[in-house]
There are 2 protein chains.
Amino acid sequence: MPGPSVLIHPDVRDVPVTEVLFALSDPARLAIVRELADGPLDMADCTAVPDMPKSTRSHLMKVLREAGVIRNEPVGRNRRISLRRDDLEAAYPGLLDAVLGAARD
Amino acid sequence: MPGPSVLIHPDVRDVPVTEVLFALSDPARLAIVRELADGPLDMADCTAVPDMPKSTRSHLMKVLREAGVIRNEPVGRNRRISLRRDDLEAAYPGLLDAVLGAARD
DNA sequence: GGCATGGTTCGATCATACTTGAACGATCGG
DNA sequence: CCGATCGTTCAAGTATGATCGAACCATGCC
């Protein structure tokens, strides 16, 4: 799989709310999160923000991952990205739903 | 009252969620918001973040105000700061409650 | 009016985050 | 194995936000 086989996924309860909010406060990152709301996606299929260099996209994923918002795991030669709904719900109840429920900008 | 008699308070529905999230993603600003959860406060009584230059504090308030999170209105020689709970609830249901409900960092 | 009070605004400096190409790493298919 | 593929990591440049003193402004009070 591309890059290191294992990436760090923090316990969401160790992540300050402010960091979660910050991760969600960027339009491109939020677009990705909304896209993932319907289910996991291979990275290559995250078309929410098109025409973006892979390094930039990878960086967005890193911010989301380090904030505990998404999971990024290798599968074959790709990477599967998924929302950490349950973990987020346990740490910050209602937060993700409220954000996802917000009208599109 | 200090400064201009009227400050701009946007319609929260015109403020992108991302901007609201960003305003709340700073520890100092979030501390202010939490302090206001119990009711309006004169600016001088916002002690959540002590020992801060007034220009810095004023800037934090500006970011929160422009994001539609707080109201800042003159009263006598002071300024009254209040949470725009109802407006936020109407625009982004559940969001503020979820953030306020989050465990303190 | 004159002055003290409480905040905003301006401008400059500094810190943080975004962006991107290039290099590297891990896998799969022949 | 070997090359191609898909992402991550690195490093450098750029942009955006925080910080804070100084200047300014509107009010209340004498």
Side-chain angles (χ1 to χ4, degrees), chain A residues 1-9 15-16 18-33 36 40-67 69-82, chain B residues 1-9 15-16 18-33 36 40-67 69-82:
Chain A
M1 79 274 322
S5 55
V6 59
L7 262 40
I8 293 178
H9 292 81
V15 180
T18 48
E19 188 174 339
V20 177
L21 295 172
F22 181 81
L24 298 174
S25 73
D26 176 74
R29 286 192 296 260
L30 183 53
I32 293 173
V33 169
L36 292 170
L41 239 47
D42 279 5
M43 189 151 182
D45 298 331
C46 290
T47 60
V49 183
D51 303 331
M52 169 179 287
K54 55 182 180 177
S55 57
T56 303
R57 181 191 312 264
S58 183
H59 176 67
L60 296 182
M61 295 299 185
K62 180 180 182 181
V63 174
L64 287 170
R65 174 175 50 83
E66 292 181 337
V69 177
I70 66 172
R71 196 182 327 271
N72 181 345
E73 44 194 358
V75 45
R77 193 160 31 195
N78 300 345
R79 284 191 168 271
R80 170 149 316 152
I81 314 295
S82 53
Chain B
M1 80 275 312
S5 55
V6 58
L7 261 42
I8 293 179
H9 292 80
V15 179
T18 48
E19 188 174 339
V20 176
L21 294 172
F22 180 81
L24 297 173
S25 74
D26 177 74
R29 286 193 295 259
L30 183 54
I32 293 173
V33 169
L36 292 171
L41 238 49
D42 278 5
M43 188 149 182
D45 299 331
C46 290
T47 60
V49 184
D51 303 331
M52 169 179 288
K54 55 182 181 176
S55 57
T56 302
R57 183 191 313 264
S58 183
H59 177 67
L60 296 182
M61 295 298 185
K62 180 181 181 180
V63 175
L64 287 170
R65 174 174 51 80
E66 292 181 335
V69 176
I70 65 173
R71 195 182 329 270
N72 180 345
E73 45 194 356
V75 46
R77 194 160 31 194
N78 299 345
R79 283 191 168 269
R80 172 151 312 152
I81 314 294
S82 53

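Letters A, B, ... mirror the listed sequences (proteins, then strands); counts begin at 1. In this text, all values refer to a predicted model and were calculated from it rather than measured experimentally.
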In this structure, how many angstroms lie between the [atom2] atom of [N] and the [atom1] atom of [X], rounded?
X: A:K54; N: D:dC10; atom1: NZ; atom2: P; answer: 16 Å
X: B:H59; N: C:dT9; atom1: NE2; atom2: C1'; answer: 12 Å
X: B:I8; N: C:dT8; atom1: CD1; atom2: P; answer: 14 Å
X: A:I70; N: D:dT8; atom1: CD1; atom2: C1'; answer: 13 Å
X: A:D42; N: D:dT5; atom1: CG; atom2: C1'; answer: 14 Å
X: A:M43; N: C:dT27; atom1: CE; atom2: C1'; answer: 16 Å
X: A:D45; N: D:dG7; atom1: CG; atom2: C1'; answer: 14 Å
X: B:D51; N: D:dT19; atom1: CG; atom2: P; answer: 14 Å

Minimum heavy-atom distance B:V20-B:A67, with the two atoms named: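 In terms of heavy atoms, the two residues are closest at CG2-O, 3.6 Å.
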
D:dT27 phosphate, OP1 or OP2, under 4.0 Å from B:N78 side-chain N/O: no

N or O in side chain of B:R57 less than 4.0 angstrom from D:dT19 OP1/OP2: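 No, B:R57 has no side-chain N/O under 4.0 Å of OP1/OP2 on D:dT19.
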
Quick check against the 3.5 Å criterion: does [X] have a side-chain atom that pairs as donor or acceptor with the backbone of [Y]?
X: A:S58; Y: A:S55; answer: no
X: A:R57; Y: A:A44; answer: no
X: B:R79; Y: B:M43; answer: no

Base of C:dG7 paired with side chain of B:S58 (donor-acceptor, under 3.5 Å):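 Side chain to base: no pair present.
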
Check: A:R77 side chain, C:dC28 base, donor-acceptor under 3.5 Å: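 Counting by modelled atom types and ignoring angles, a donor-acceptor contact under 3.5 Å is found here.
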
Minimum-distance nucleotide to [X] side chain [options: [options]]:
X: B:L7; options: D:dC20, C:dT8, D:dT8; value: C:dT8
X: A:S55; options: D:dT9, D:dT8, C:dT8; value: D:dT9
X: B:F22; options: D:dA18, C:dG6, C:dT20; value: D:dA18
X: A:P53; options: C:dG7, C:dT20, D:dG21; value: C:dT20
X: B:R29; options: D:dC6, C:dT8, D:dA18; value: D:dA18

Touch class at under 4.0 angstrom, heavy-atom based, for A:M61 against every strand present: nothing

Sugar-phosphate only, base, or nothing, as touched by B:D26 at under 4.0 Å among non-hydrogen atoms: nothing

A:R80 atom CZ, over 12 foreign heavy atoms within 6.0 Å: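 No.
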
